[in-house]
Amino acid sequence: MEPLNFQKDPLLLGEDSYKTMVTANQLLKEKFPLLLEGKKLNLYSSLVKSFDFEKTLGSHCFCSISPDKIKEYLPSSYNSKNFRKLREDMKCYSEKEILSRSVRTWTKNEIWPLFILRVISRLYDEDKEILSDLLKSVNYFTDSTHKNKFIPPKTLSKLLTKEQAYFIGCAFGDGGFSTNEYWVIVDGGKKEELIYSQQWLGELSSLINRMYNIEFTDNNPRQRENKVELWVSNTWFERFVNFWFSLPYGKKKNKIEKPKIFKLSKNPEKLYKHFWRGMFDADGHCSNESMKASLSSATSKVLNQCQADFKKLDITSKISKPRNLRIYSKSFAQFGRKIGFSHPRKRRILLKQLAKGPKETQFKGINPEKLIDNKFFDLNYIKNLRVYGIKEDIREIRKELGLTQQELSNKLKLGSSQTFYWEKGCGIQFEPLINLYGLLGVKKKELLKLLSQKNISWGLSGRGLTSNLVNLPIKVTDNVINLAYHLRPYDCEVRLRKTGHSKDTMKKIENTFGIEVKELREEVYYLSSQVLIKFLKNFFSYGPYWKPFDKDELNKLDKKLKVNF
């Protein structure tokens, strides 16, 4: 095969600067050979760029490879003293003079410019297979001074691991390229909690060392004021991360999306779970006060992708402004099991909240044992319930019975003035009302049917103020059950579910119960009524979304979440 110039090499993508470097996200749908023979990574395209050849040879990526391996792939005519013919091909490819003393130095030190492997592979028709084999034989990548060794994954299976996915998630969060020479990740907070940042970035540095053989000095990560920083100064590491995972140089705002390379995995969902955990460790928050986790990002596309992936995992989330994705107590346990935090401080808070269990409850259904013929709510179950708006009915019943107010009170075995207050409009307790209608032979079921047709209000004994009266549904209807689904009774108030309700729902609630829906704080709405609280608690079932984690569950999850892949 004829010698090739780098400007026409199909494995180079014509980039003219760091700002224009092409990544795997852009190439996956094209025929570009991301993988060479045997699913080996195309490390040449990821580590060598067209604009490198505008610089001196000393600034190129070098690789450690045995001279014998170089000679093994050279035709006999190329094995002359000082590789004269090979130097001519290298000159043709790089447009640079290759001196014989340079080749002697490379041979002695066993490090060669990486592009020499491409030049050799082009001597064969099956050039990509040859290049793949040569790259497999590389011990490590380095610079011309033989420092900053870098050993990347060489096969697709080594690239698509949970360790890589987690690290890249961290890099997409608070990590980035400060220049074209450094990658840095920063973590911080309160000074007394920086020990957790030191621990997390220390674990991350160990992970990077295991994956890429990058060495860190004793003061890296290092603390500066109220933050801790981990730095990596290795051009080839940066290029590898940029190419395969599409982490951009410069500002990340509106330039990032989840790495598409993970889709080549047999189990991409598993990798994306670790990727999102890394992002939550870097840019996420776990509240110490309430059961809430969140992820912040200046790129809305990433949050949308996260929300879509979480939906597949049965994790409900909400995106709000400023760009923030939140997970509430309903899905907190599922988030902890499927995603969680590896960051020591955030993991500690997560486990503490999981041990407490959720305050928010879910609607489980109606309580059939407290209904009459499955048609009416048996209001007898609400203690001290009073009915308002039927004073005229009481007077008519008394007259029909031919009794005075005192006689009726005595017949019902109540205080002598009780009937007087009823007919004055002070309300009547539900139990005496049943007994009153019972004197006419009206049973409780018939009474409830009659009351459902009247315009009446309900209150509680001792709290019979007009402001606290509500309209209680008496008949069981789909509308009432649907409204109960949107409500959550607590000790002092009834709240609306945080998600899933609308202004139309709030209007239906106000019209049905005759009380105002108020805003407690942003996106939190409530109704103030002890009557409604007792009604909901008696006739509907509400329970926690999940049970608090016991010690065994917490220990297992803690072990699972630690950065000890």
Is it the case that the side chain of [X] and the backbone of [Y] share a donor-acceptor pair, with hydrogens and angles ignored and the cut-off at 3.5 Å?
X	Y	value
Ser331	Gln334	no
Glu396	Asp393	no
Asn538	Lys534	yes
Gln305	Lys258	yes
Arg323	Ser297	no

(request) Assess Arg488 against Tyr542: is NZ or CZ under 6.0 Å from the centre of the six-membered ring, and within 45 degrees of the ring's axis? (result)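 Not satisfied by the 6.0 Å and 45° rule.
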(message) Ring of Phe280, cation from Lys346 - is the NZ or CZ under 6.0 Å from the centre and inside 45° of the axis?
(response)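 Lys346 over Phe280 ring: no.
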(message) Could you check whether any side-chain heavy atom of Val494 comes within less than 4.5 Å of a side-chain heavy atom of Ser529, counting everything from C-beta outward?
(response)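 Answer no - side chains too far apart.
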Return yes if a side-chain donor-acceptor contact under 3.5 Å exists between [X] and [Y], otherwise no.
X	Y	answer
Ser461	Gln429	yes
Tyr166	Asp281	yes
Asp187	Trp200	no
Thr419	Ser409	yes

(message) With salt bridge (charged side-chain N to carboxylate O under 4.0 Å, His left out) as the criterion, how do Lys551 and Asp558 come out once you've worked through the C-alpha distance, each side chain's angles and the decisive distance to 0.1 Å?
(response) CA-CA 10 Å; Lys551 287 185 178 180; Asp558 186 33; over 6 Å; no
(message) Looking at every non-hydrogen atom in both residues, tell me the closest pair between Leu557 and Gly336 and how far apart they are.
(response)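 Where Leu557 meets Gly336 most closely, the heavy atoms are CD1-O, 3.4 Å.
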For [X], all residues meeting salt bridge (charged side-chain N to carboxylate O under 4.0 Å, His left out), sequence neighbours excluded:
X	answer
Lys251	none
Asp314	none
Asp552	Lys556

(request) Give the ring-plane orientation class for Tyr249 versus Phe177, where under 30° counts as parallel, over 60° as perpendicular and anything between as tilted. (result) parallel
Under 6.0 Å between ring centres: does that hold for [X] and [Y]?
X	Y	result
Phe341	Phe335	yes
Phe167	Trp183	yes
Phe377	Phe535	yes
Phe275	Phe172	yes

Side chains of residues 437-444: which donor-acceptor pairs under 3.5 Å do they make with residues two or more places apart or in other chains?
residue, atom, partner, partner atom, Å
Lys444, NZ, Asp378, OD1, 3.1
Lys444, NZ, Asp378, OD2, 3.2
Lys444, NZ, Asn380, OD1, 2.9

(message) Pair Phe540, Tyr485 - check ring-ring contact (aromatic ring centres under 6.0 Å, His included), show working.
(response) CA-CA 9 Å; Phe540 299 95; Tyr485 167 79; over 10 Å; no
(request) For Ser320, check side-chain contact (heavy atoms from CB on, under 4.5 Å) against everything at least two apart and list the hits. (result) Asn324, Arg326
(request) Sequence neighbours left out, what passes side-chain hydrogen bond (donor to acceptor under 3.5 Å, both in side chains) with Arg337? Give chain and number order. (result)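 In terms of side-chain hydrogen bond (donor to acceptor under 3.5 Å, both in side chains), with neighbours along the sequence ignored, Arg337 is linked to no residue.
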